[in-house]
Novice: 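First the structure, which I've put down as structure tokens, then a few questions once you've had a look.
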Amino acid sequence: MLENEQELPQFRQAVSSILRERRLFLRRWLAHPLRVAAMFPSSPALAELVAGQLPDPGERFILEVGAGTGAITRALLRLVPEERLILVELDEELCQWLKNRFPRATVLCGNAVDLPRLLPEARDGGSIAAIVSGIPIVQFPMAVKRAFVDSVFAMMGQDGLLLQYTYLPVSPLPCRRLGLDARRVGGVSDGAARLFLWRFTRRAGP
Ligand SMILES: C[S@@+](CC[C@H](N)C(=O)[O-])C[C@H]1O[C@@H](n2cnc3c(N)ncnc32)[C@H](O)[C@@H]1O
């Protein structure tokens, strides 16, 4: 917090930046409540929980889908340089915000269920170490869930990891039907409700 008068301009700047981010997020939530699925950007506690679950990506990329205003993204920068972050966001205004905020990251404005088209070069590779998702996947029909899961695991190697945060205490993906192993790795309060972090890997064997 503020310790002396000299820090006041910096303090004002920091507070006004937080307010601008919150106002934008709230406005986009009012425009598309189901799609944005939260009234405020993710909390630092959730960002810490997510970052703590990610492996060292080495030379590979981290992909974040539904990056919003980048509250989780900031914590990912501890693990990879900005150049090795790929951010996908459906909302055009949020996309523009992300482009300004993370100018060296690859920011793709589009639907995460369309990843093979948005990111054709990563389609069959192991160039992505892990995927962090904040999209409201539980709302998607089964065929869309399956297509999303198949495309994200095709982009990662055998050790691919999908982290999904959700308000659901039960798995937001039907694991057995989708050939996944799932573990709930923690939960944090976002003020109004509890958010859970789910960790998905491909099930080994047939
Ligand atoms: C819960 S919010 C993520 C909040 C983000 N962690 C933050 O702090 O700003 C979910 C985000 O996913 C985006 N989204 C929803 N459906 C999407 C889709 N199909 N593809 C890409 N982004 C999507 C929304 O626009 C919203 O920004």
Novice: Work out which heavy atom in Cys109 is nearest to a heavy atom in Asp91; give both atom names and the distance.
Specialist: SG-O, 4.3 Å
Novice: Roughly how far, to the nearest 0.5 Å, is the CG atom of Leu34 from the CD atom of Gln139?
Specialist: 5.0 Å
Novice: OH of Tyr165 to OG of Ser133: how many Å apart, nearest 0.5 Å?
Specialist: 7.0 Å
Novice: Within a strict 4.5 Å, meaning less than it, do heavy atoms of the Lys145 and Pro174 side chains meet?
Specialist: yes
Novice: Locate the shortest heavy-atom distance separating Leu161 from Pro55; write the atom from each residue and the value.
Specialist: CD2-CD, 3.8 Å
Novice: When you look at CD of Glu92, are more than 12 heavy atoms from neighbouring residues, nucleotides or ligands closer to it than 6.0 Å?
Specialist: no
Novice: Please give me the minimum heavy-atom distance between Leu49 and Val185, naming the atom from each residue.
Specialist: CD1-O, 4.1 Å
Novice: Do Phe196 and Leu163 land in one hydrophobic cluster if side-chain heavy atoms of ILVMFWY residues count as linked below 4.5 Å?
Specialist: no
Novice: Give a yes or no on whether Glu121 atom CD has more than 12 heavy-atom contacts from other residues, nucleotides or ligands under 6.0 Å away.
Specialist: yes
Novice: For a 4.5 angstrom cut-off between non-hydrogen side-chain atoms, does Val36 reach Phe25?
Specialist: yes
Novice: I'd like to know if the side chain of Ser17 reaches the main chain of Gln13, judged simply by a donor and an acceptor atom lying under 3.5 Å from each other, with no hydrogens or angles considered.
Specialist: no
Novice: Please check this pair: side chain of Arg60 against backbone of Gly157, looking for a donor-acceptor N/O pair closer than 3.5 Å.
Specialist: no
Novice: Show the nearest heavy-atom pair for residues Ala37 and Trp29, with the distance to one decimal.
Specialist: N-CD1, 4.2 Å
Novice: For Phe200 and Cys175, work out which heavy atoms get closest and say how close.
Specialist: CE2-SG, 3.8 Å
Novice: Looking at side-chain heavy atoms only, is the closest gap between Glu64 and Leu76 below 4.5 Å?
Specialist: yes
Novice: With side-chain hydrogen bond (donor to acceptor under 3.5 Å, both in side chains) as the rule and sequence neighbours excluded, what pairs involving residues 185-194 come up?
Specialist: Tyr167-Asp190
Novice: Under a 4.5 Å cut-off applied to non-hydrogen side-chain atoms, are Leu24 and Glu21 in contact?
Specialist: no
Novice: Salt bridge between Arg35 and Glu89, side-chain N to carboxylate O under 4.0 Å?
Specialist: no
Novice: Is it the case that more than 12 heavy atoms not belonging to Gln10 sit under 6.0 Å from its CD atom?
Specialist: no
Novice: Do you reckon Leu178 sits in the same ILVMFWY cluster as Leu115, going by side-chain contacts under 4.5 Å, direct or chained?
Specialist: yes
Novice: Is there a side-chain contact between Pro41 and Arg74 (heavy atoms, below 4.5 Å)?
Specialist: no
Novice: Would Arg199 and Gln164 satisfy side-chain contact (heavy atoms from CB on, under 4.5 Å), going step by step from the backbone distance to the final call?
Specialist: CA-CA 7 Å; Arg199 189 181 200 280; Gln164 171 78 47; over 6 Å; no
Novice: Would Val107 end up clustered with Val152 when hydrophobic side chains under 4.5 Å apart are linked, directly or stepwise?
Specialist: no
Novice: Using the side-chain hydrogen bond (donor to acceptor under 3.5 Å, both in side chains) criterion, which residues pair with Arg78? Sequence neighbours excluded.
Specialist: Glu48
Novice: Return the CG to CG distance between Asp114 and Leu119, rounded to the nearest 0.5 Å.
Specialist: 11.5 Å
Novice: Going by side chain to side chain contact (heavy atoms under 4.5 Å, CB included), Leu87 matches just one of Val65, Ile72, Thr73. Which one?
Specialist: Thr73
Novice: Using every non-hydrogen atom in the two residues, find where Ala130 and Leu54 come nearest and quote the distance to one decimal.
Specialist: CB-CD2, 3.5 Å
Novice: Main chain of Arg104, side chain of Glu82: is a donor-acceptor contact present, judged purely on distance under 3.5 Å?
Specialist: yes
Novice: Would you call Val149 and Leu180 a side-chain contact if the rule is heavy atoms closer than 4.5 Å?
Specialist: yes
Novice: Of all residues at least two apart in sequence or in a different chain, which pass the side-chain hydrogen bond (donor to acceptor under 3.5 Å, both in side chains) check with Arg27?
Specialist: Glu93
Novice: To the nearest 0.5 Å, what is the distance between OG1 (Thr106) and CG (Leu98)?
Specialist: 12.0 Å
Novice: From Ile131 CD1 over to Met156 CE, what is the distance, rounded to the nearest 0.5 angstrom?
Specialist: 4.0 Å
Novice: With clusters built from Ile, Leu, Val, Met, Phe, Trp and Tyr whose side-chain heavy atoms come within less than 4.5 Å, directly or transitively, what are the remaining members of the cluster of Val138, listed by chain and number?
Specialist: Leu168, Val170
Novice: Val50, Phe102: one ILVMFWY side-chain cluster at the under-4.5 Å cut-off?
Specialist: yes
Novice: Let's go through Ile86 and Ile62 carefully: what are the C-alpha distance in whole Å and the side-chain angles of both, what is the deciding distance for side-chain contact (heavy atoms from CB on, under 4.5 Å) to 0.1 Å, and is it a yes or a no?
Specialist: CA-CA 6 Å; Ile86 305 170; Ile62 291 180; over 6 Å; no
Novice: Report the C-alpha separation of Arg202 and Asp150 in whole Å, then their side-chain angles, then the decisive distance to 0.1 Å, and conclude whether the salt bridge (charged side-chain N to carboxylate O under 4.0 Å, His left out) test is met.
Specialist: CA-CA 10 Å; Arg202 261 296 185 214; Asp150 287 346; 2.7 Å; yes
Novice: Does a side-chain heavy-atom distance below 4.5 Å link Phe140 with Val113?
Specialist: yes
Novice: What distance separates Ile135 CD1 from Phe148 CZ, expressed to the nearest 0.5 Å?
Specialist: 4.0 Å
Novice: What salt bridge (charged side-chain N to carboxylate O under 4.0 Å, His left out) pairs are there with at least one residue in residues 174-185, not counting sequence neighbours?
Specialist: Asp181-Arg203
Novice: With sequence neighbours excluded, what pairs up with Arg12 under the salt bridge (Lys or Arg N to Asp or Glu O under 4.0 Å) test?
Specialist: none
Novice: Any chain of hydrophobic side-chain contacts (each under 4.5 Å) joining Phe40 to Leu197?
Specialist: no
Novice: So do Arg20 and Trp97 actually touch side chain to side chain, heavy atoms under 4.5 Å?
Specialist: yes
